[in-house]
Amino acid sequence: SAVISQKPSRDICQRGTSLTIQCQVDSQVTMMFWYRQQPGQSLTLIATANQGSEATYESGFVIDKFPISRPNLTFSTLTVSNMSPEDSSIYLCSVRQGNTEAFFGQGTRLTVV
Amino acid sequence: QKEVEQDPGPLSVPEGAIVSLNCTYSNSAFQYFMWYRQYSRKGPELLMYTYSSGNKEDGRFTAQVDKSSKYISLFIRDSQPSDSATYLCAMSAGDSNYQLIWGAGTKLIIKP
């Protein structure tokens, strides 16, 4: 298993600003995943972050809006840039070990006003 | 049509009842099937995972996969109020594309 620490747990931000979310894992992992979960809805994958390479973004998500860093095998950040109220959501980081499991951080609840 | 369909509920049952949660899917390439539990204001936690068809039991939880019908189930026996949460199914083909495909989640309420 893996223990993931994610912060901040919540934030209220002004539109037009940016927020950086951090995710720390207690073991080295190859792939880290960033998800968005809007109220009452399932998880939507934003991007996959591999150490030493550019993140791979899913359809509808772009690097300028959601830049990701992955400086080492235990840490990643997701920035939500130039925020609007539509970005209000829960953001989650996740890791997989093998090809069958995923472990999640506790999530960042973002409200944009 | 979504790749994975899951009734969002809510599903409300009395304490002690047997709960059945289900997902259907359309992609016959899926081989790995997972169930997650998510409490309010928390991230999902992995409950069960199974490979291919068959049953897997862990305490009060049983996961069942029927690949011929493209249907998976999670059964909870002797349900407790602490089981009240949203349950999400997820699945993958387990090939070089590691992406999980998620259901919408079913909100479960166990009434004392």
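Chain A is the first sequence line, chain B the second, and so forth, proteins listed ahead of strands; every chain is numbered from 1.
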**Q.** Contacting moiety of B/P44, where chain A heavy atoms sit under 4.5 Å
**A.** both
Q) What part of B/Q6 lies closer than 4.5 angstrom to a heavy atom of chain A: side chain, backbone, both or neither? A)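 Neither part.
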Q | Members of residues 10-19 of chain B whose heavy atoms come closer than 4.5 Å to chain A | A | none
**Q.** Residues in residues 103-112 of chain B that sit under 4.5 Å from chain A, counting heavy atoms only
**A.**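 Under the 4.5 Å heavy-atom cut-off, B/G103, B/A104 qualify.
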**Q.** ring-ring contact (aromatic ring centres under 6.0 Å, His included) contacts in which one or both residues fall within residues 49-91 of chain A, not counting sequence neighbours
**A.**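 Qualifying pairs, neighbours excluded: A/F61-A/F66.
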Q) For the residue pair B/G43 and A/L92, what are the closest heavy atoms and their distance? A) CA-CD2, 3.8 Å
Q. With only heavy atoms counted, which part of A/Q37 is less than 4.5 Å from chain B, the side chain, the backbone, both or neither?
A. side chain
Q. Quick one: what part of A/L43 sits under 4.5 Å from any heavy atom of chain B, side chain, backbone, both or neither?
A.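 Backbone plus side chain of A/L43, per the 4.5 Å heavy-atom cut-off to chain B.
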Q: Only pairs at least two apart or in different chains count here, so list each salt bridge (charged side-chain N to carboxylate O under 4.0 Å, His left out) that has a residue in residues 21-40 of chain B.
A: B/R37-B/E45
Q. Below 6.0 angstrom between ring centroids: does that apply to B/W102 and A/F104?
A.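 When the ring centroids of B/W102 and A/F104 are compared, they turn out to be within the sub-6.0 Å range.
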Tell me whether [Y] is reachable from [X] by hopping between hydrophobic residues (I, L, V, M, F, W, Y) whose side-chain heavy atoms are closer than 4.5 Å.
X	Y	value
A/I63	A/I68	yes
B/L100	A/I90	yes
B/W35	B/I76	yes
B/L46	A/L45	yes
B/I101	A/W34	no

Q.
Within a 6.0 Å radius of atom CZ on B/R77, are there more than 12 heavy atoms belonging to other residues, nucleotides or ligands?
A. yes
Q: State whether the number of non-hydrogen atoms from other residues, nucleotides or ligands found under 6.0 Å of B/K56 atom NZ is greater than 12.
A: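 Correct, the count exceeds 12.
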